K.L.:
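Take this structure, written in structure tokens, and hold onto it; I'll ask about it next.
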Amino acid sequence: QVQLVESGGGLVQAGGSLRLTCAASGRTVDDFNLGWFRQAPGREREFVAAISWSGINGYYKDSVKGRFTISTDRAKKMVYLEMSNLKPEDTGVYYCAADDLHDSSWYYLPPDQYRDLKVWGQGTLVTVSS
């Protein structure tokens, strides 16, 4: 059974940086692609970024392109989200997810299908103050 554990959230000022980590475990984790989502208070969950374990290409929500970078360390089974030039609107709980959906398709996944992704972590809170 695949499990995901996020860490690295915290309070940061606007313009600052954070790195989120998702530790993946489980015998079949190599079969999955990985992604990050976030949910702000009172708003629906939204896609942020996705990647395969090969880490060749990352796919991003338009508003984070150029500021966020998703990457993997396959040997350590870690997925990272490097966030820079953070804005107050980046505030939210950030979730790691895993699924065999091709990483290039995560961007187009309708929000009502997020619940169908196979594995979710518990989330880590990011708060960006203005």
Side-chain angles (χ1 to χ4, degrees):
Q1 184 176 354
V2 175
Q3 291 186 321
L4 304 172
V5 178
E6 304 95 331
S7 61
L11 174 64
V12 63
Q13 288 187 329
S17 301
L18 276 177
R19 185 176 82 158
L20 305 183
T21 298
C22 173
S25 62
R27 198 160 46 88
T28 59
V29 68
D30 285 340
D31 296 336
F32 292 149
N33 295 308
L34 292 306
W36 287 94
F37 292 76
R38 67 187 182 191
Q39 188 164 14
R43 302 189 66 177
E44 66 178 7
R45 196 167 297 190
E46 61 181 9
F47 167 78
V48 175
I51 197 168
S52 67
W53 279 115
S54 69
I56 295 174
N57 293 305
Y59 301 90
Y60 299 93
K61 175 181 174 63
D62 291 344
S63 64
V64 308
K65 286 180 182 177
R67 299 189 298 121
F68 290 14
T69 302
I70 189 171
S71 63
T72 63
D73 184 327
R74 192 163 195 166
K76 295 181 179 179
K77 296 290 187 282
M78 296 287 194
V79 184
Y80 304 104
L81 187 68
E82 299 272 2
M83 306 185 293
S84 62
N85 191 20
L86 283 161
K87 304 176 181 181
E89 52 263 41
D90 294 318
T91 292
V93 178
Y94 282 69
Y95 298 91
C96 184
D99 194 87
D100 52 7
L101 180 70
H102 195 281
D103 51 342
S104 63
S105 298
W106 290 50
Y107 176 93
Y108 302 101
L109 193 66
D112 63 356
Q113 294 183 21
Y114 290 170
R115 63 178 179 272
D116 296 329
L117 296 175
K118 290 182 174 57
V119 188
W120 287 92
Q122 84 290 348
T124 185
L125 177 62
V126 172
T127 304
V128 184
S129 63
S130 57

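Counting begins at 1 with the first residue of the sequence. From a predicted model like this one, the values you see are computed outputs, not experimental measurements.
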K.L.:
Does any non-hydrogen side-chain atom of Gln13 lie less than 4.5 Å from one of Leu86?
P.N.:
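When only atoms from C-beta onward are counted, Gln13 and Leu86 do not touch, as no gap falls below 4.5 Å.
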K.L.:
Do the non-hydrogen side-chain atoms of Arg74 and Asp30 ever get within less than 4.5 Å of each other?
P.N.:
yes
K.L.:
Which residue pairs satisfy the disulfide bond (SG atoms under 2.5 Å apart) criterion with at least one member in residues 15-130, sequence neighbours excluded?
P.N.:
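Of all non-adjacent pairs touching residues 15-130, those that pass disulfide bond (SG atoms under 2.5 Å apart) are Cys22-Cys96.
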K.L.:
Evaluate side-chain contact (heavy atoms from CB on, under 4.5 Å) for Asp90 paired with Arg67, printing each intermediate quantity in order.
P.N.:
CA-CA 11 Å; Asp90 294 318; Arg67 299 189 298 121; 2.7 Å; yes
K.L.:
Quick one: does Gln39's side chain have a donor or acceptor within less than 3.5 Å of a partner on Gly92's backbone?
P.N.:
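No.
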K.L.:
Are Gln3 and Val119 close enough, and set up right, to give a side-chain contact (heavy atoms from CB on, under 4.5 Å), and what steps lead you there?
P.N.:
CA-CA 7 Å; Gln3 291 186 321; Val119 188; 5.8 Å; no
K.L.:
Taking side chain as C-beta onward, heavy atoms only, is Val12 less than 4.5 Å from Met83?
P.N.:
no
K.L.:
Any non-hydrogen side-chain atom of Phe68 less than 4.5 Å from a side-chain atom of Lys61?
P.N.:
no
K.L.:
Keeping the roles fixed (side chain from Thr21, backbone from Ser7), state whether a donor-acceptor pair exists under 3.5 Å.
P.N.:
no
K.L.:
Please report the shortest heavy-atom distance between Ala98 and Leu4, naming the atom on each side.
P.N.:
N-CD1, 3.6 Å
K.L.:
Determine whether a donor-acceptor pair (N or O, by modelled atom type, separation under 3.5 Å) exists between the side chain of Gln1 and the backbone of Gly26.
P.N.:
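Checking the backbone N and O of Gly26 against the side chain of Gln1, no donor-acceptor pair under 3.5 Å is found.
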K.L.:
Any idea which heavy atoms bring Ser130 and Ala14 closest together, and the distance?
P.N.:
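Minimum heavy-atom contact is CA-CB, 4.3 Å.
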K.L.:
Checking side-chain contact (heavy atoms from CB on, under 4.5 Å) for the pair Val79/Ile70: CA distance, chi angles, key distance, verdict?
P.N.:
CA-CA 7 Å; Val79 184; Ile70 189 171; 4.1 Å; yes
K.L.:
So among Leu18, Thr69, Leu20, which one has a side chain to side chain contact (heavy atoms under 4.5 Å, CB included) with Glu82?
P.N.:
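For Glu82, the side chain to side chain contact (heavy atoms under 4.5 Å, CB included) check succeeds only for Thr69.
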K.L.:
Does any pair with a residue in residues 94-108 pass side-chain hydrogen bond (donor to acceptor under 3.5 Å, both in side chains), and if so which ones, sequence neighbours excluded?
P.N.:
Arg38-Tyr94, Asp62-Tyr107, Asp100-Lys118, His102-Ser104
K.L.:
Mind checking side-chain hydrogen bond (donor to acceptor under 3.5 Å, both in side chains) for Ser52 and listing every partner two or more places apart, or none if nothing turns up?
P.N.:
Ser54
K.L.:
Is a donor on one side and an acceptor on the other found under 3.5 Å between the side chain of Thr91 and the backbone of Val128?
P.N.:
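Such a contact is found between Thr91 side chain and Val128 backbone.
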K.L.:
If every non-hydrogen atom of Ser71 is compared with every non-hydrogen atom of Ile51, which pair is closest and at what distance?
P.N.:
CA-CD1, 3.8 Å
K.L.:
Hydrophobic clusters join Ile, Leu, Val, Met, Phe, Trp and Tyr when side-chain heavy atoms are under 4.5 Å apart, directly or via other members; which others share one with Met78?
P.N.:
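The other cluster members (ILVMFWY side chains, heavy atoms under 4.5 Å, direct or chained) are Tyr80.
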K.L.:
Return each pair, listed once, that meets disulfide bond (SG atoms under 2.5 Å apart) where at least one residue sits in residues 61-93; pairs must be two or more places apart or across chains.
P.N.:
none
K.L.:
Can you give me every donor-acceptor pair (side chain of residues 110-117, partner residue at least two apart or in another chain, under 3.5 Å) with its distance?
P.N.:
| unit_1 | atom_1 | unit_2 | atom_2 | d |
| --- | --- | --- | --- | --- |
| Tyr114 | OH | Phe47 | N | 3.4 |
| Arg115 | NH1 | Asp112 | O | 2.7 |

K.L.:
Looking at every heavy atom in both Ala49 and Leu81, which two are closest together, and how far apart are they?
P.N.:
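Taking Ala49 first and Leu81 second, the nearest heavy atoms are CB-CD1, 4.2 Å.
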